[in-house]
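Since the structure comes first, as structure tokens, the remarks are kept for the end.
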There are 2 protein chains.
Amino acid sequence: MVTKKPTTIKDVAKKAGVSISTVSRVINDSKPVTNEVKQRVLDVIKETGYVPNPLARSLVTKKSQLIGVIVPEVTDTFSAEVLNGIEEISKMYNYDILLANTYSERELEIKNINLLRAKQVEGIVMICWDIDQEIVNILENSGIPAVYISKTTRDFDIYNVSTQNAPATRDMTQFLIDKGHKNISLLRTNYHISNLADARLQGYKEALSENNIEYNDKLVKSCGATYNDGYATAKELLNEGTKPDAIFATSDEAAIGAINACFDMGYKVPEDISVAGFNDVKFAKIYRPKLTTVYQPLFDMGAVAIRMIIKVIQGQDIGEKKVELPYRIVDRESVLDRNE
Amino acid sequence: MVTKKPTTIKDVAKKAGVSISTVSRVINDSKPVTNEVKQRVLDVIKETGYVPNPLARSLVTKKSQLIGVIVPEVTDTFSAEVLNGIEEISKMYNYDILLANTYSERELEIKNINLLRAKQVEGIVMICWDIDQEIVNILENSGIPAVYISKTTRDFDIYNVSTQNAPATRDMTQFLIDKGHKNISLLRTNYHISNLADARLQGYKEALSENNIEYNDKLVKSCGATYNDGYATAKELLNEGTKPDAIFATSDEAAIGAINACFDMGYKVPEDISVAGFNDVKFAKIYRPKLTTVYQPLFDMGAVAIRMIIKVIQGQDIGEKKVELPYRIVDRESVLDRNE
DNA sequence: ATGAAAGCGCTAACAC
DNA sequence: GTGTTAGCGCTTTCAT
């Protein structure tokens, strides 16, 4: 490990026989510089391997070129795929990602917002299952643009990207009904949301009533979004004696958990019970049976979020604070057509 | 969004009627300050919500409190789990994570090293399938501590954390043999490594010869570490007509790909063909059949890497440049005991 | 124990 | 077109 202290703008200036402002001009291309001088500076820069210190630059420009990203944890497949989108677009705009995990702990969420803020990030993308008004306030008062990527649409006044949850859930429910299912269990993965606020639950109910199927309380369960949550909740459901012919879990991980619960209780999927998920995470196509699910453009959600932030940073108007991206039902193997 | 410009040390000093150096002293606890004065400053800080600007601080102390982490991509389960460890420990030491994806492109790897370096990170953790001497050089010449987390042990002179690959592979091969397998196919997931340098291949061969099983070239294939790689390579293998009774892929994703390839070609796993993996990624226990694999302490690998970096930063001696963490065979469902 | 002042590496007026 | 200078927010001598 060679520890030579890095060349500064001063070194370059001296070596090139110009003033530091001239060097600054050529590296930022901010003001015209005679070609000959410019070349001389460029040569010295190449020769010395000089790289401007962004810290110093940020201090004066007030632009850190940093964007904070808060996720539950990177091993969460939903977050990881969104994060990919964020990362790629950020780099395009010369921004870097400062990463923070929350493990879905509210305290850590707040702590990390403040921490990132202190680190001078120019914007924050927050991915989590749900937020409340207090967190919205903290985000708003941070004085920097923040966008919230949720698995659900909430009516907070905050930049938000999501998919159309109610229609998506309605469509999948309809899809299940079309395939001949009557007793469709809904595993709601956003359990801290009141029924009324839950767009997905509404979508589910809508489809039911459009098809004159009575809403059955026993078939609707709240659970977390993880594999374990889905597994446990499906098991609970099955143990209660109301055997559904389909389980619709609003997260792929929970859906896969549900499938395994079915397996472990002696049911075949999809022969005995169909299972559908939500998100179309990478793993959905790998698992067997391949998961029938509603596709969400995860990568794009991250990309859109970043673009919003960058626009706000640049002072552009971005119109609607909430953007909803398209979804699509992906029919694979975990749902059986019972009409045949 | 409220955009008030943040309080600076100057504001605090004026409001508390002291000099900025005094304020600096109390926030850093660097020199004794009279209790009374200290309290006054503290009060003002609380009142104004003042937070020191780390950029300015970094500029003078030359410590950015930033660690760069380079991963193939966050959706890679191996990387994600290591990253969790890195994140958690970093935060404990008050460091933040600057994240960069490489998509396993060599160019991007180099570009990101330089980029992170420019951003003044104090250390770099690089996770990738393999490196070469040039990248080692770049890392070394960067003048900051760098540790490399690999899926394989290479003999470069660089800080490195891994598991004991040769013994682990030997053990798993032995395990497979013990379970009555004779034709064990090895899917080497580090395909850019020469046979000689591949510790895992050596471990495999060792186990074979210890059991007087002849090494069969046709059973050993190089492939990438992803699901698709494993799927394609297993299919290729099976199509070539040399049907193994076990496939040992040195990455869980590749192993799952192999299982699906078996399925799709009409073989049952583990009844017809046993499949074993490597890493014990989160998904290994979720997939069905549950994957028999070699467990690596992914989280801990990240944690250890960060500790190494922090020690180097602090100028402590850390002894061996390479640390190897323990592994363990995890016997689940994808390997059948053929002795019965 | 406290304050004044220099300076970290850079950008951005402002002069010339 | 180029140089001089102030200053970003902070830490750290060096006086006092």
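For clarity, every value in this text was computed on a predicted model and none was experimentally measured. Each chain gets a letter, A, B and so on, in the order the sequences are listed, and its residues count up from 1.
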Between CZ on residue B:Phe156 and CG on residue B:Leu139, distance to nearest 0.5 Å:
11.5 Å

First locate atom CD1 of A:Ile124, then atom CD1 of A:Ile70, and finally report the distance between them rounded to the nearest 0.5 Å.
5.0 Å

Find which nucleotide of DNA chain D each of A:Asn35 and B:Leu55 is nearest to by heavy atoms, and output the residue with the more 5' nucleotide.
A:Asn35

With sequence neighbours excluded, residues passing side-chain hydrogen bond (donor to acceptor under 3.5 Å, both in side chains) with B:Ser21
B:Ser19

Just so I know, are the side chains of A:Pro145 and A:Ile313 near enough to count as touching, which here means a heavy-atom distance under 4.5 Å?
yes

With a strict under 4.0 Å distance from non-hydrogen atoms of chain B, what nucleotide opens and what nucleotide closes the contacted stretch of DNA chain D, reading 5' to 3'?
D:dC8 to D:dT13

So do B:Arg117 and A:Val51 actually touch side chain to side chain, heavy atoms under 4.5 Å?
no

Per nearest nucleotide of DNA chain D, the residue lying toward the 5' end, A:Ala56 or A:Thr34, is A:Thr34

Pairs satisfying salt bridge (Lys or Arg N to Asp or Glu O under 4.0 Å), at least one member in residues 6-24 of chain B, at least two apart:
B:Lys15-B:Glu47

When the side chains of residues 82-92 of chain A are checked against the rest of the protein, which donor-acceptor pairs come out under 3.5 Å, sequence neighbours left out?
residue: A:Asn84; atom: OD1; partner: B:Thr75; partner atom: OG1; Å: 3.4
residue: A:Asn84; atom: ND2; partner: B:Asn101; partner atom: OD1; Å: 2.8
residue: A:Glu87; atom: OE2; partner: A:Lys91; partner atom: NZ; Å: 3.0
residue: A:Glu87; atom: OE2; partner: B:Asn101; partner atom: N; Å: 2.8
residue: A:Glu88; atom: OE1; partner: B:Tyr103; partner atom: OH; Å: 3.0
residue: A:Ser90; atom: OG; partner: A:Ile86; partner atom: O; Å: 2.6
residue: A:Lys91; atom: NZ; partner: A:Asp96; partner atom: OD1; Å: 3.2
residue: A:Lys91; atom: NZ; partner: B:Leu99; partner atom: O; Å: 3.4

Is the closest side-chain donor-acceptor distance between A:Asn160 and A:Ser150 under 3.5 Å?
yes

Taking side chain as C-beta onward, heavy atoms only, is B:Ile27 less than 4.5 Å from B:Tyr50?
yes

Check whether any side-chain heavy atom of B:Arg25 lies under 4.5 Å from a side-chain heavy atom of B:Val41, and answer yes or no.
no

What bend angle does the helix from C:dA1-D:dT16 to C:dC16-D:dG1 show across its length, from five-pair end axes and to the nearest 10 degrees?
40°

What pairs of residues pass the side chain to side chain donor-acceptor pair (under 3.5 Å) test when at least one of them lies in residues 53-71 of chain B, not counting sequence neighbours?
B:Asn28-B:Arg57, B:Lys63-B:Tyr95, B:Lys63-B:Glu122

Can you name the residues that form a salt bridge (Lys or Arg N to Asp or Glu O under 4.0 Å) with B:Glu320, not counting sequence neighbours?
none

On DNA chain C, compare the nucleotides closest to A:Leu59 and B:Pro32; which residue's is nearer the 5' end?
B:Pro32

Answer whether the closest heavy-atom distance between the side chains of B:Val312 and B:Tyr159 falls below 4.5 Å.
yes

Stretch residues 17-30 of chain B: residues that reach within less than 4.0 Å of DNA chain D through a heavy atom
B:Ile20, B:Ser21, B:Ser24, B:Arg25, B:Ile27, B:Asn28

Which residue pairs pass the side chain to side chain donor-acceptor pair (under 3.5 Å) test when at least one of the two sits in residues 31-41 of chain A, sequence neighbours left out?
A:Gln39-A:Asp43

Residues forming a side-chain hydrogen bond (donor to acceptor under 3.5 Å, both in side chains) with A:Asn137, sequence neighbours excluded:
A:Gln133

Check every strand shown and say whether A:Pro52 touches a base, only sugar-phosphate, or nothing at a heavy-atom separation below 4.0 Å.
sugar-phosphate

Where along residues 37-44 of chain A does a heavy atom come under 4.0 Å from DNA chain C, residue by residue in number order?
none

Nucleotide interval of DNA chain C bounded by contacts with chain B (heavy-atom cut-off, under 4.0 Å)
C:dA1 to C:dG9

